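In what follows, a single structure is set out as structure tokens and then discussed.
Here the structure is a predicted model, which means the values were calculated and not measured.
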Amino acid sequence: NKNNMTLNLDAKTYLINNLGSDRMVSRSELEKLVTYAGNQTKISINDIIAIIGDNGALSVDEIIYAAADGNRAALEKNLARAFMEGTPAITVLRTAIRHYQKLHLASGCIRKGQSLGQATKSIKPPIIFLFIDRFKRQLHHWSGDKIERALSILTEAEVNCKSTALPAEAICGRALMSLSQAARQ
């Protein structure tokens, strides 16, 4: 606002999901974006992708989508990176729970007669445009029963992270690997 710049919904969603939780880093990223935009008043998602660093949420989304896609290599790589950067296992698990809840909701809309596109558009907050195609593919592979089992696994993992002395990263990793395996079946 201070710089009289505006963002469309996709750009705003992407920006919010990629600033991370470190306030000083976020301010620095926003200053970089303002400098990059120069005199433009409308910042596009392409501007944000070009400038904003890979902080936090996008890497967590990559973890979740890799698990739901059944891509074990990407899951392992991104999960290790997130833990090395200090992302809490609970954050990863809660993001996964929200993702599978979105799949469950969209799956229910399809069962009620909506098209794949309508069901995907009904999700609020909206799916980040970078992930829409993957989300739609996942809807084909994940039945309602499988999604419910996934939610049960994730909820149990979150409870175990909070109530046992076991390492939270190990619990989270096992749960996501289990989901990755289920995605391939």
Report task. Please name all residues satisfying side-chain contact (heavy atoms from CB on, under 4.5 Å) with A168, sequence neighbours left out, ordered by chain then number. Result ->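 Here the qualifying residues are A89, C161.
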With sequence neighbours excluded, residues passing side-chain contact (heavy atoms from CB on, under 4.5 Å) with I110: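 By the side-chain contact (heavy atoms from CB on, under 4.5 Å) rule, I110 matches L116, A119, L139.
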- prompt: With sequence neighbours excluded, what pairs up with R134 under the salt bridge (charged side-chain N to carboxylate O under 4.0 Å, His left out) test?
  reply: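 So R134 forms a salt bridge (charged side-chain N to carboxylate O under 4.0 Å, His left out) with E62, D69.
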Q. Under the side chain to side chain donor-acceptor pair (under 3.5 Å) rule, what pairs show up with a residue in residues 99-112, not counting sequence neighbours?
A.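 Pairs touching residues 99-112 that pass the test: H99-Q138, H104-E148, S107-R111.
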Pair listing, salt bridge (Lys or Arg N to Asp or Glu O under 4.0 Å) test, anchored in residues 160-176, at least two apart |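 For residues 160-176, and leaving out neighbouring residues, the salt bridge (Lys or Arg N to Asp or Glu O under 4.0 Å) pairs sorted by first residue read E158-K162.
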Can you list the residues that meet the side-chain hydrogen bond (donor to acceptor under 3.5 Å, both in side chains) rule with [X], with sequence neighbours excluded?
X: K77; answer: none
X: Q40; answer: D47
X: R137; answer: none
X: T164; answer: none

query = Hey, are the side chains of L75 and N71 touching, using non-hydrogen atoms and a 4.5 Å cut-off?
reply =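 SC-SC contact between L75 and N71 ruled out.
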Problem - Test item: N8 and I43 side chains (from C-beta on) under 4.5 Å apart, heavy atoms - result: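 No. Closest side-chain heavy atoms not under 4.5 Å.
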Note to self: Considering only residues two or more places apart or on different chains, which pairs with a residue in residues 166-185 satisfy ring pair (Phe, Tyr, Trp, His ring centres under 6.0 Å)?
What the structure shows: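 Applying ring pair (Phe, Tyr, Trp, His ring centres under 6.0 Å) to every pair that reaches into residues 166-185, excluding sequence neighbours, yields nothing.
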ask   = By the rule that ILVMFWY residues connect when side-chain heavy atoms come within less than 4.5 angstrom, directly or transitively, which residues belong alongside L166?
value =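 For the cluster that includes L166, the remaining residues are I171.
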- Query: Closest approach of I45 and A11, non-hydrogen atoms and distance?
  - Reply: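 Looking at all heavy atoms of both residues, the closest pair is N-CB, 3.7 Å.
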| task | Determine whether I90 and I153 fall in the same hydrophobic cluster, where Ile, Leu, Val, Met, Phe, Trp and Tyr are linked whenever their side-chain heavy atoms lie under 4.5 Å apart. | result |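 No, separate clusters.
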For residues 177-185, run the donor-acceptor check on the side chains, cut-off 3.5 Å, and write out each pair with its distance to 0.1 Å, sequence neighbours left out.
residue, atom, partner, partner atom, Å
R184, NE, G70, O, 3.4

